[in-house]
Amino acid sequence: MPGALLFDLDDTLIPEEPLAVAALQATARAAPGVDAERLALDARAHARALWRAGETYPYCRRIGISSWEGLWCRFEGEGEALAALRAWAPEFRREAWARALADQHVDDRALAEELGDRFGVERRALHAPFPDAALIEDLRDDYALALVTNGAACLQREKLEGSGLTAHFDAVVVSGDIGVGKPDAEVFRHALALVGAEPADAVMIGDTIERDIDGALALGLRAVWINRFGRPRPPGRDDLVEITGLDELPALL
């Protein structure tokens, strides 16, 4: 049996992309006289394009901050990159919605700003773990537990607190705190040191093959791919240990 379990957060313990989509849709429905479904899709696309063109994108890519997270993150903390993101965020949010409105021939900067603010409210109303995440409370009896997640430290900790799962973990490692994200070995080493485990005695559970699974395997951990959304298995990856929900994990361990 392993001595430590390392868990990813987004789309492993808590929904991330589905909640972002739901918040975009709820925000878009507040805009009068437009096709709300199209507005939500266009806002997401424009946010992604603006995010990737921004000066801070290399940092965000290294840490693992997505464009839809940029639409509601407060970017709290010290450092030049966070300060730049904090300063740019209002413009980024307003411009994403302004361009989406313009796609439907609506030129209303005040409405775009209102929608930019509203998205954060809608997204913060949706904190909830997957129902099977309650299982980790039982796992504490037999394993040391660490959360290992990419993203801005303030936002990932806000998500974790909102999920009600914080107390179950012996250690929480956020890429924004250490300056590098999964799959970099340093992230996993840091988590293992905090729980006093060696790579051979630990298992990583996550939904992203490149970051969670391959990053852990490269350091000598075992790994379990949680495939909640039925993604196809990549060609030539018969080595992947796959589950579709956390309820399958105890028997596998």
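Q104 CD: more than 12 foreign heavy atoms inside a 6.0 Å radius.
Every residue meeting the salt bridge (Lys or Arg N to Asp or Glu O under 4.0 Å) condition with E158, not counting sequence neighbours, appears here in chain and number order: R74, R124. Residues satisfying the salt bridge (Lys or Arg N to Asp or Glu O under 4.0 Å) criterion with R233, sequence neighbours excluded, are E242. Qualifying side-chain hydrogen bond (donor to acceptor under 3.5 Å, both in side chains) partners for D8, counting only residues two or more places apart in sequence or in other chains: T12, K182. For R237, the salt bridge (Lys or Arg N to Asp or Glu O under 4.0 Å) test picks out D214, D239, with sequence neighbours left out. For F130, there are no ring-ring contact (aromatic ring centres under 6.0 Å, His included) partners, not counting sequence neighbours. E69 meets the side-chain hydrogen bond (donor to acceptor under 3.5 Å, both in side chains) test with S66, K159; sequence neighbours excluded. Listed by chain and residue number, D170 satisfy the salt bridge (Lys or Arg N to Asp or Glu O under 4.0 Å) test with R140 (two or more places apart in sequence, or in another chain). Not counting sequence neighbours, H168 has no partner by the side-chain hydrogen bond (donor to acceptor under 3.5 Å, both in side chains) test.
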side-chain hydrogen bond (donor to acceptor under 3.5 Å, both in side chains) between D10 and Q156: does it pass, once the steps are laid out? CA-CA 9 Å; D10 296 325; Q156 296 307 99; 3.1 Å; yes
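The other members of the hydrophobic cluster of L82, by chain and number, are L24, V34, L39, L50, W51, Y57, Y59, I63, I65, L71, W72, F75, L85, W88, F92, W97, L101, V106, L111, L115, F119, L155 (side-chain heavy atoms under 4.5 Å, ILVMFWY only).
Contacts classified as side chain to side chain donor-acceptor pair (under 3.5 Å) and involving residues 26-39 (residues at least two apart or in different chains) are given here: R38-D42. Residues in residues 75-92 take part in no salt bridge (Lys or Arg N to Asp or Glu O under 4.0 Å) pair, two or more places apart or across chains. The side chain to side chain donor-acceptor pair (under 3.5 Å) contacts involving residues 107-117 comprise E95-R109, where partners must be two or more places apart or lie in separate chains.
Ionic pairing of D184 and R211 is not present here: no N-O contact between side-chain nitrogen and carboxylate oxygen is shorter than 4.0 angstrom.
Looking only at distances, a side-chain donor or acceptor of S163 sits under 3.5 Å from a matching main-chain atom of L165.
Side-chain atoms of D177 and H190 include no donor-acceptor pair closer than 3.5 Å.
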